[in-house]
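Structure first, then comments.
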Protein chains: 2
Amino acid sequence: MMNIGKAAAASGVSAKMIRYYESIGLLPAARRTDSGYRFYTDEDVHVLRFIRRARDLGFAVADIGGLLALWRDQGRASADVKRIALGHVAALERKLAELQGMVDTLRTLAAHCHGDARPDCPILTDLDAGGGR
Amino acid sequence: MMNIGKAAAASGVSAKMIRYYESIGLLPAARRTDSGYRFYTDEDVHVLRFIRRARDLGFAVADIGGLLALWRDQGRASADVKRIALGHVAALERKLAELQGMVDTLRTLAAHCHGDARPDCPILTDLDAGGGR
DNA sequence: GTAAACCTTGCCAACGCTGGAAGGTCAACC
DNA sequence: GGTTGACCTTCCAGCGTTGGCAAGGTTTAC
């Protein structure tokens, strides 16, 4: 039994976020003391850590709802978990490829920019012309 | 001389976005017809395309303000442009590394998940335990 | 008894857009 | 002239995740 500050410190999820997760329905409403303070058990902290770890791995909060349901479901099929994880990997890789393309383009442009006091610069010229595509 | 719909089609920036960029001060207030319609010139479309290209390269809207100022400044030093571009590359690469780390972790976990009807799954176990770090 | 550290709720800000509602304007057609 | 439909206008509200601040109640420690 601990209040939200302790649960936050123990889980690595800020008190603000715990309340937020509760407000959007990712977490069930916490039990309250007579004076209205939320209180949490070690089990709750366990769930919070699960959420934190999933966030660190880039899962959207909505996805985490699904993961939590599977986590709690002792009869789950690991295929379901794997499918979610690989779907997320695919999404991450799309984003990776996109960022990588930006980096490549910018590096190429920057490599051809004198980077001195002269005004001409292929970076601006490219932006100007729309990349020539 | 064209109204916002034409300018949007010609630049690849939606009418909604053009108004938004104006509202946040990235673009100067457009001239208006007597009836209040915004109107744009080919030169304006040129600027819009510049913005679009910069967004495609992942520049934040705030950064684009700086780039636009340099673009318009005929006496700019290319070093200033290059610095902004490389700073942006560095930020992109930090994000890339972060995403790559997530992908690597998830791929490793997924590779050890049977992905069948059995419930045990190292993905959940990892989330459970906080990654063991 | 009082001060400090906690808790509560609620609202605002950020990012970059997207959608909708309610209304005015313009062009084309009958 | 009238009507329809496609355009334009403004404002409002939301997405997702987090931080910050305010005003007030509670608990803890001295």
Side-chain angles (χ1 to χ4, degrees), chain A residues 1-27 29-41 44-45 48 50-68 88 91-92 95 98-99 102, chain B residues 1-27 29-41 44-45 48-68 88 91-92 94-95 98-99 102:
Chain A
M1 300 308 192
M2 62 194 101
N3 54 24
I4 199 168
K6 291 280 181 189
S11 65
V13 178
S14 73
K16 199 85 181 180
M17 281 301 94
I18 296 174
R19 293 191 201 101
Y20 170 69
Y21 292 148
E22 182 182 320
S23 77
I24 61 172
L26 180 60
L27 293 174
R31 280 140 298 176
R32 305 287 187 123
T33 64
D34 290 346
S35 58
Y37 282 23
R38 289 174 182 80
F39 68 90
Y40 299 88
T41 63
D44 294 326
V45 170
L48 287 170
F50 180 99
I51 293 173
R52 170 109 159 86
R53 173 74 175 148
R55 292 288 303 137
D56 286 348
L57 287 175
F59 284 98
V61 170
D63 296 335
I64 298 177
L67 287 173
L68 268 178
H88 181 49
L92 288 175
K95 182 142 285 188
E98 193 185 331
L99 292 181
M102 294 177 188
Chain B
M1 300 307 192
M2 62 194 101
N3 54 25
I4 200 169
K6 291 280 183 188
S11 66
V13 180
S14 74
K16 206 87 179 172
M17 279 302 91
I18 296 174
R19 293 191 201 100
Y20 170 69
Y21 291 149
E22 183 182 318
S23 79
I24 62 171
L26 180 60
L27 293 173
R31 281 141 298 175
R32 304 289 186 122
T33 65
D34 290 345
S35 58
Y37 281 24
R38 288 174 182 81
F39 69 91
Y40 299 89
T41 63
D44 293 328
V45 170
L48 287 171
R49 270 207 279 253
F50 180 101
I51 293 173
R52 171 111 158 81
R53 174 74 175 146
R55 291 291 300 136
D56 286 349
L57 287 174
F59 284 98
V61 169
D63 296 337
I64 298 177
L67 287 172
L68 267 177
H88 181 47
L92 289 176
R94 277 193 297 277
K95 182 142 285 189
E98 192 185 331
L99 292 182
M102 295 176 186

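To find a chain, count down the sequence lines: A is the first, B the second, and so on, and within it residues start at 1. Predicted model only: the values in this text are computed from it and were never measured.
- If you take CZ of A:R32 and C1' of D:dT27, they are 16 Å apart, rounded to a whole angstrom.
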Donor-acceptor list for residues 10-19 of chain B side chains, cut-off 3.5 Å, not counting sequence neighbours:
unit_1 : atom_1 : unit_2 : atom_2 : d
B:S11  : OG     : B:A7   : O      : 2.8
B:S11  : OG     : B:A8   : O      : 3.4
B:S11  : OG     : B:V13  : N      : 3.1
B:S14  : OG     : B:M17  : N      : 3.1

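- For B:F39 against B:A30, the heavy-atom pair with the smallest separation is O-CB, 4.3 Å.
- One distance of note links CD1 of B:I51 with CG of B:D56; it measures 12.0 Å at 0.5 Å rounding.
- Among the heavy atoms of the strands, none lies under 4.0 Å from A:I24.
- For the pair B:A60 and B:T33, nearest-nucleotide mapping onto DNA chain C gives the more 5' position to B:A60.
- Contacts between chain B and DNA chain C, taken as any atom within less than 4.0 angstrom of a protein heavy atom, begin and end at C:dG16 to C:dC26.
- For the pair B:R55 (side chain) and B:F59 (backbone), a donor-acceptor distance under 3.5 Å is present.
- An angle of 20°, rounded to 10°, separates the two end axes of the helix from C:dG16-D:dC15 to C:dC30-D:dG1, each defined over five pairs.
- Between A:L26 and A:E22, the closest side-chain pair of non-hydrogen atoms is not below 4.5 Å.
- A 4.5 Å side-chain heavy-atom check between A:I4 and A:Y37 finds every atom pair outside the cut-off.
- For the atom pair OH of A:Y21 and CG of A:L48, the computed distance is 9.0 Å after rounding to the nearest 0.5 Å.
- Rounded to the nearest Å, the gap between the P atom of C:dC12 and that of D:dA13 is 10 Å.
- Nearest heavy-atom pair across B:M1 and B:T41 is SD-CG2, 4.0 Å.
- For the atom pair OG1 of A:T33 and CG of A:N3, the computed distance is 8.5 Å after rounding to the nearest 0.5 Å.
- Under the side-chain contact (heavy atoms from CB on, under 4.5 Å) test applied with B:D44, the options B:R31, B:R38, B:M2 reduce to a single match, B:R31.
- Separation of atoms CZ (B:R52) and CG (B:L57) is listed at 11.0 Å; rounding is to 0.5 Å.
- B:F50 meets the ring-ring contact (aromatic ring centres under 6.0 Å, His included) test with B:W71; sequence neighbours excluded.
- Between A:L99 and B:K95 the shortest heavy-atom distance is CD1-CG, 3.6 Å.
- Non-hydrogen atoms lying under 4.0 Å from DNA chain C are contributed by B:S35, B:Y37, all within residues 34-41 of chain B.
- Rounding to whole angstrom units, CD of residue B:E98 and P of D:dT17 are separated by 14 Å.
- Non-hydrogen atoms lying under 4.0 Å from DNA chain D are contributed by A:S14, A:K16, A:M17, A:Y20, A:Y21, all within residues 12-22 of chain A.
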